[in-house]
Amino acid sequence: MKYTQLGRTGLKVSRLVLGTMNFGPQTDEADSHAIMDAALDAGINFFDTANVYGWGENKGRTESIIGNWFAQGGERRDKVVLATKVYGNMAPDGDHVWPNHDKLSALNIRRAVDASLKRLQTDYIDVYQFHHIDRQTPFEEIWQAIDVLVQQGKILYAGSSNFPGYKIAQANETAARRGSFGLVSEQCLYNLAERRAEMEVIPAAQDYGLGVIPWSPLHGGLLGGVIKKETEGGRRASGRSADALANSAVREKVQAYEDLLDKHGLEPGEAALAWLLTRPGVTGPIVGPRTAAQLASALRAVELELSDEVLTSLDEIFPGPGPSPEAFAW
């Protein structure tokens with residue numbers, strides 16, 4: 001495994017991030033534990049989760065699965081850089097949300113971090129991430145709450161997720177005025193097929209010293225060889241992939257992408273991850289395996305080096321927006 005610093009911090013993390021969103025809803029506890037053991041054995045030390053994972057009636061279930069894994073000992077917790085998130089309400093879907101039980105008020109942050117620590121069976125969280133922007137709560141209040149948690153030893157760093165560039169700037173400028181450390185990472189939707197983050201989010205993250213952690217690196221399976229799987233195995237696309245492929249222009253691009261990689265003897269999913277690892281500012285993409293085989297495929301991407309010819313061809317198929325502000329100014 002290869003490692004890098006998380007943004008401007010001294011924290012060393014793996015170039016792949018283990019996403020745990022499937023633990024509980026898609027993968028049972030025993031298999032989830034086996035995947036985490038395999039990830040650790042392979043050198044992945046950065047694990048990402050969120051308090052709402054488990055979803056529906058089971059919000060918090062994913063954190064509990066991770067906590068039970070930590071409780072098995074073997075220095076599991078000491079070896080892991082643990083990231084979780086706060087924002088969403090924890091009431092079962094459809095239930096009434098009691099006031100102050102969601103978003104980023106100081107009250108909810110305090111409540112949410114204590115609940116996550118209990119489920120995770122740990123006394124600290126390495127990277128505590130804001131899952132979404134909160135338009136009602138000022139950053140002065142948010143940083144006051146975070147600084148208290150840092151002083152208490154409950155969290156070490158703060159990160160963001162799904163923030164636009166101007167909110168990254170606003171958050172860190174407010175932190176600087178307070179003498180707080182500010183955001184150290186940003187999780188954003190970023191992959192070959194969805195490159196809008198290159199316009200504002202990634203430049204802001206780079207300027208403020210945030211590590212970029214792309215989620216959905218295969219764009220919901222669209223970049224994982226979906227057409228080939230349809231053709232060879234009769235496995236039809238579903239969800240985001242199916243919706244995208246219904247657009248003939250998108251299908252044409254995905255076919256060109258798969259043809260290019262087939263020509264060079266590359267697996268689409270592995271190539272999509274390897275491409276992200278070449279991008280400026282990227283710490284590492286989040287991979288969310290449902291099975292050990294999917295984890296093994298992701299691991300191969302770390303050692304995969306894409307030729308200049310392949311990288312140029314990928315840019316031709318999935319062009320980025322170009323530098324900001326030129327991309328939209330003229």
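Here, residue 1 is the first one in the sequence, and each next residue gets the next number.
- No side-chain N or O of K85 forms a donor-acceptor pair with one of Y128 less than 3.5 Å apart.
- A donor-acceptor pair under 3.5 Å is absent between the side-chain atoms of T20 and the main chain of F23, judged by distance alone.
- L156 and W143 sit in two unconnected hydrophobic clusters of ILVMFWY residues. Membership requires side-chain heavy atoms under 4.5 Å apart, directly or through other members.
- Without hydrogens or angle criteria, S14 side chain to N45 main chain gives a donor-acceptor distance under 3.5 Å.
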**Message:** Using the rule given for side chain to side chain contact (heavy atoms under 4.5 Å, CB included), can you reason through D31 versus D28, listing the C-alpha separation, both sets of side-chain angles and the distance that settles it, and then say yes or no?
**Reply:** CA-CA 6 Å; D31 287 343; D28 65 25; 3.3 Å; yes
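- With rounding to the nearest 0.5 Å, the separation of CE in M90 from OG in S116 is 7.0 Å.
- Judged by distance alone, the side chains of Q129 and S161 never bring a donor and an acceptor atom under 3.5 Å apart.
- Comment: K167 does not engage E200 in a salt bridge, judged by the lack of any side-chain N to carboxylate O separation of less than 4.0 angstrom.
- Using modelled atom types and a 3.5 Å distance limit, the side chains of H131 and Q187 yield no donor-acceptor pair.
- Between the E186 side chain and the A205 main chain, no donor and acceptor come within less than 3.5 Å of each other.
- The environment of CG in D93 is crowded: more than 12 heavy-atom neighbours from other residues, nucleotides or ligands sit within 6.0 Å.
- Side chains of E140 and T174: a donor-acceptor N/O pair is absent below 3.5 angstrom, by distance only.
- Minimum heavy-atom separation, L299 to A42: CD1-CB, 3.6 Å.
- To the nearest 0.5 Å, atoms OG (S185) and CG (D48) are separated by 9.0 Å.
- The 12-atom threshold is not exceeded at NZ of K12, counting heavy atoms of other residues, nucleotides or ligands nearer than 6.0 Å.
- The shortest heavy-atom contact between P319 and K253 is CD-NZ, 4.3 Å.
- The pair R300-E270 meets the salt-bridge criterion, with a side-chain N (NZ, NE, NH1 or NH2) lying under 4.0 Å from an Asp/Glu carboxylate O.
- A distance of 6.5 Å separates CG in L16 from CG in L273, rounded to the nearest 0.5 Å.
- Taking CZ of R177 as the start and CZ of F139 as the end, the distance is 11.0 Å to the nearest 0.5 Å.
- Side-chain contact check for N162 and W215: at least one donor-acceptor pair (N or O, by modelled atom type) lies under 3.5 Å.
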**Message:** salt bridge (Lys or Arg N to Asp or Glu O under 4.0 Å), that's the test. Do R196 and E198 meet it? Break it down for me.
**Reply:** CA-CA 5 Å; R196 284 178 293 177; E198 293 176 0; over 6 Å; no
**Asked** What do the steps show when you test V310 against S313 for side chain to side chain contact (heavy atoms under 4.5 Å, CB included), and what is the final call?
**Response** CA-CA 5 Å; V310 169; S313 297; 5.7 Å; no
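- You'll find the side chain of V81 reaches within 4.5 Å of the side chain of L11, heavy atoms only.
- Shown here is R110, whose CZ atom has no more than 12 heavy atoms of other residues, nucleotides or ligands within 6.0 Å.
- Within the cation-pi definition used here (under 6.0 Å to the ring centroid, within 45° of the axis), R8 qualifies as a partner of F181.
- In this structure, Y257 has its ring center closer than 6.0 angstrom to the ring center of F318.
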**Worked check of salt bridge (Lys or Arg N to Asp or Glu O under 4.0 Å) between D114 and K154** = CA-CA 8 Å; D114 284 341; K154 293 182 178 180; 2.8 Å; yes
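- Residues L304 and L261 share a single hydrophobic cluster, defined by chaining ILVMFWY side chains whose heavy atoms lie under 4.5 Å apart.
- Open room surrounds CD on E305; 12 or fewer heavy atoms of other groups in view lie less than 6.0 Å from it.
- Looking at R15, its side chain does come within 3.5 Å of a backbone N or O of V282 through a donor-acceptor pair.
- No side-chain heavy atom of N247 sits less than 4.5 Å from a side-chain heavy atom of R251.
- Annotation: Y190 is in aromatic contact with W275 [ring centroid separation under 6.0 Å].
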**Asked** Given E309 and H264, is the side chain to side chain contact (heavy atoms under 4.5 Å, CB included) satisfied, shown in steps?
**Response** CA-CA 10 Å; E309 179 187 354; H264 289 273; 3.7 Å; yes
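- Using a 30° and 60° split on the angle between ring planes, Y53 and W55 fall in the tilted class, from 30° to 60°.
- Ring to ring, W69 and F47 are close: their centroids are under 6.0 angstrom apart.
- Taken together through direct or relayed side-chain contacts under 4.5 Å among Ile, Leu, Val, Met, Phe, Trp and Tyr, L295 and M1 form part of one hydrophobic cluster.
- Put simply, the side chain of S241 gets close to the backbone of G220: a donor and an acceptor are under 3.5 Å apart.
- In this structure, V250 is not a member of the same hydrophobic cluster as L314, with clusters built from ILVMFWY side-chain heavy atoms closer than 4.5 Å.
- Between the N58 side chain and the R61 main chain, no donor and acceptor come within less than 3.5 Å of each other.
- Side chains of F130 and F163 form a contact here, defined as non-hydrogen atoms less than 4.5 Å apart.
- A cation-pi contact, defined as under 6.0 Å to the ring centre and within 45° of the axis, is absent between R76 and F70.
- We find the OG1-CG distance between T9 and D126 to be 10.5 Å, quoted to the nearest 0.5 Å.
- The pair K118-D123 does not meet the salt-bridge criterion, since no charged nitrogen lies less than 4.0 angstrom from a carboxylate oxygen.
- Contact check for I66 versus S32: no side-chain heavy atoms found under the 4.5 Å cut-off.
- Across P321 and A327, no two heavy atoms sit closer than the pair O-CB, 3.0 Å.
- Using modelled atom types, one finds a donor on one side chain and an acceptor on the other under 3.5 Å when comparing S180 with D147.
- Looking at K103 and R135, their side chains never come closer than 4.5 Å, going by heavy atoms from C-beta outward.
- Side chains of N68 and Q121 form a contact here, defined as non-hydrogen atoms less than 4.5 Å apart.
- Formation of a donor-acceptor pair under 3.5 Å by the H101 side chain with backbone atoms of P99 is found in this model.
- E258 contributes a side-chain N or O that, together with a main-chain N or O of V226, makes up a donor-acceptor pair within less than 3.5 Å.
- Looking at V86 and V113, their side chains never come closer than 4.5 Å, going by heavy atoms from C-beta outward.
- T122 and R77 form a side-chain donor-acceptor contact under 3.5 Å, judged by distance and modelled atom types alone.
- Side-chain contact, E63 with T49: no donor N or O sits under 3.5 Å from an acceptor N or O.
- Of all the heavy atoms in G224 and L218, the pair that sits closest is CA-CD1, 4.4 Å.
- L183 and L210 make their closest contact through O-CD1, 3.3 Å (heavy atoms, listed as atom of the first residue, atom of the second, distance).
- Across all non-hydrogen atoms, the minimal contact from N89 to K59 is O-NZ, 3.2 Å.
- Rounded to the nearest 0.5 Å, atoms CG (D134) and CG (D102) are 8.0 Å apart.
- For the pair L277 and P285, the minimum side-chain heavy-atom distance is below 4.5 Å.
- The environment of E252 atom CD is sparse: at most 12 non-hydrogen atoms of other residues, nucleotides or ligands sit within 6.0 angstrom.
- Linking ILVMFWY side-chain heavy atoms closer than 4.5 Å, directly or via other members, places V127 and V17 in a single hydrophobic cluster.
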